[in-house]
Amino acid sequence: MKILHTADWHIGKKLHKHSLQPDFDLFIDWLCNCISENEVKVLLVSGDVFDLANPSSEARQQYFKALMKLKRLDCKIILTGGNHDSPTMLNAPQEVLRELDIHIIGGLPNELSECIVPIKNDKNETELLIAALPYLRDADLRTASQGNSYEDRLEALRKGIQQTFLDAAEICKSDFPEIPTIAMGHLFAAGAETSESERDIQIGNQAAFNALQFGDYYNYIALGHIHKPQRVNAATPTFYSGSPIPLSFSERTNKNRILLLDTETGWEPKSIEIPSFRELLKITGTLEKLQQKLLELQAREGLASLIEIEMQEDNFDANKIYELDQLVDNFKVEGYEIVKHRASFENKISGSGELYEEKQQLEDLQPLDVFQKLVDKQEEDEEIRKELMIAFNEILEEVHQSKKA
């Protein structure tokens, strides 16, 4: 039997206000072809189906369209909730979708046995079990008797995660003896390499779970939450499939993938790389270098490449900030879009708090005096300093007039 492991779809995600909806549509089309070509019987989605707990109507529509496309392939779908998901929202169509052989477990149910999904073969025999454990929230893992100190809470969370997986294994062992079992989980495992788009979970990731504590009952553990594909050190094959598309610029070099298991050959998954549907580019350098790099871009087709720009200069220069803004506003190359730009300076401007002695109080200072000191600190010629002071005086006058009105 062949099983596909994926996670962290984050439907509805926007990258610097740029919708990634078309990226996900292309991924689903590719995934359907992959499932068909490899004759996959089970698809596992280990949490963070949506990017927001209350997704937009467009995101929900995209979700159901994806499920219907996948369902046409006669593939059992098992989907669990992640820390971004609302258990209630995911579970709402649970009974209807189960009739279509789509199993949704949005949050930890009252009866843990409800997380155990038997997979039957062509002879209607149970050939495989899926312990489909969703993201385990603090309320699922702690009790009032376990203490209230910071360390007590961390330890309670770790023990709670461990016990939940061990209890699920015990149910499988008791109800379906000697049947191979895959566990699904959505958590932060100790040692996992993160990126900037993951939200910290379970006390800011401090309750990192040692994957060696999963035990040795499971044949494979399909994890979600970490967006970079990676293996976790554990007693059994344990993997983060990673997200199918880059969700931040820190993930632009990830080799996005899905993982294919074939129970006839063992429990080590085959990694199938997902094609890149769009590029994320980060361009840094001086204003001059940025201008040169943008001029070198060649027009391209397909989804627009998104660009993040950082101007790096030695000394603060207001004119260069203005020129950077103009460069971005006037940039037009087919197939590219600048979605974020910023400037940084090696020799930072002093903050107003650094310009005065500690004994001076804020209420004793006049706005014009503070601005004068800031201007005096900058390496500008006398003419520019005068223009800055004139401009500031005009703004100050407008403020005063608005207060009188």
Side-chain angles (χ1 to χ4, degrees), residues 4-32 43-67 69-70 77-91 102 104-107 132 134-135 137 184-188 192-202 205 222-230 239-259 273-280 303 306 308 339-340:
L4 265 184
H5 167 203
T6 179
D8 296 281
W9 285 1
H10 286 269
I11 300 172
K13 171 71 176 178
K14 291 185 178 182
L15 183 53
H16 298 314
K17 299 183 180 181
H18 191 102
S19 173
L20 298 181
Q21 181 174 343
D23 309 60
F24 183 75
D25 282 339
L26 289 172
F27 161 67
I28 289 297
D29 290 342
W30 174 87
L31 182 64
C32 287
L43 173 67
L44 307 178
V45 185
S46 296
D48 280 355
V49 179
F50 290 99
D51 191 57
L52 298 172
N54 185 24
S56 66
S57 58
E58 292 81 7
R60 296 179 199 224
Q61 186 178 40
Q62 188 175 33
Y63 165 64
F64 287 114
K65 280 185 177 179
L67 290 183
K69 281 184 180 180
L70 292 164
I77 301 167
I78 302 174
L79 186 150
T80 57
N83 59 294
H84 280 249
D85 297 311
S86 160
T88 305
M89 195 281 299
L90 276 185
N91 285 342
I102 300 172
I104 310 293
I105 301 175
Y135 170 61
R137 288 173 162 77
M184 299 170 70
H186 193 90
L187 50 84
F188 176 64
E193 187 178 344
T194 62
S195 64
E196 66 185 27
S197 65
E198 294 125 359
R199 187 184 298 164
D200 285 353
I201 58 175
Q202 288 153 348
N205 287 346
L223 294 180
H225 179 57
I226 301 299
H227 298 166
K228 183 173 183 178
Q230 56 198 285
F239 287 81
Y240 285 107
S241 66
S243 58
I245 58 176
L247 301 171
S248 71
F249 277 86
S250 68
E251 298 173 27
R252 66 188 183 280
T253 58
N254 285 359
K255 298 294 183 183
N256 300 99
R257 68 176 183 187
I258 55 175
L259 294 167
E273 189 168 337
I274 302 168
S276 176
F277 304 116
R278 84 162 84 229
E279 273 190 291
L280 300 183
L303 296 183
L306 305 182
E308 187 175 83
V339 293
K340 183 180 179 182

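One is the number of the first residue; the rest follow in order along the sequence.
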Taking the side chain as every heavy atom from C-beta outward, state whether [X] and [Y] have any pair of such atoms under 4.5 Å apart.
X      : Y      : value
Leu70  : Leu43  : yes
Leu31  : Ile258 : yes
Ile105 : Leu79  : no
Asn54  : Arg60  : yes

Just by modelled atom types, is the [Y] backbone N or O under 3.5 Å from a matching donor or acceptor in the [X] side chain?
X      : Y      : value
His5   : Leu44  : no
Gln230 : Lys228 : yes
Asn91  : Gly106 : yes
Arg252 : Phe249 : yes
Asp48  : Asn83  : yes
Asn256 : Ser243 : yes
Ser46  : Ala222 : yes
Arg257 : Gly242 : no
Asp85  : Val49  : yes

- Step-by-step side chain to side chain contact (heavy atoms under 4.5 Å, CB included) determination, Phe50 to His84: CA-CA 7 Å; Phe50 290 99; His84 280 249; over 6 Å; no

- Message: I'd like to know whether Leu26 forms a side chain to side chain contact (heavy atoms under 4.5 Å, CB included) with Leu303, so could you lay out the CA-CA distance, the side-chain angles of the two residues, the decisive distance to 0.1 Å, and finally the verdict.
- Response: CA-CA 10 Å; Leu26 289 172; Leu303 296 183; 3.7 Å; yes

Taking all non-hydrogen atoms of both residues, which atom of [X] and which atom of [Y] are closest, and how far apart?
X      : Y      : answer
Met184 : Ala132 : SD-CB, 3.9 Å
Gly12  : Ala59  : CA-CB, 4.0 Å
Pro22  : Arg278 : CG-NH2, 3.9 Å
Ala7   : Pro244 : O-CD, 3.4 Å
Leu20  : Leu247 : CD1-CD2, 4.2 Å
Pro275 : Trp30  : CD-NE1, 3.3 Å

First locate atom [atom1] of [X], then atom [atom2] of [Y], and finally report the distance between them rounded to the nearest 0.5 Å.
X      : Y      : atom1 : atom2 : value
Phe277 : Phe27  : CZ    : CZ    : 7.5 Å
His16  : Lys340 : NE2   : NZ    : 4.5 Å
Ser276 : Asp23  : OG    : CG    : 9.0 Å
Ser19  : Lys13  : OG    : NZ    : 11.5 Å
His10  : Leu15  : NE2   : CG    : 12.5 Å
Asp8   : Ser241 : CG    : OG    : 6.5 Å

- Item | Residues forming a side chain to side chain contact (heavy atoms under 4.5 Å, CB included) with Lys69, sequence neighbours excluded |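 Expected list: Ile28, Asp29, Cys32, Arg72.
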
- Can a donor-acceptor pair be found between the side chains of Asp25 and Gln62 at a distance below 3.5 Å?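 Yes - a donor-acceptor pair under 3.5 Å links their side chains.
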
- Message: Under a 3.5 Å threshold, yes or no: a donor from one side chain and an acceptor from the other, between Ser86 and Thr88?
- Response: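 Checked: Ser86/Thr88 side chains show no N/O donor-acceptor pair below 3.5 Å.
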
- Carefully, step by step, assess Leu90 and Tyr63 under the rule side chain to side chain contact (heavy atoms under 4.5 Å, CB included). CA-CA 11 Å; Leu90 276 185; Tyr63 165 64; 4.0 Å; yes

- Between His18 and Leu306, is a side chain to side chain contact (heavy atoms under 4.5 Å, CB included) present by the stated rule, with each step listed? CA-CA 9 Å; His18 191 102; Leu306 305 182; 3.7 Å; yes

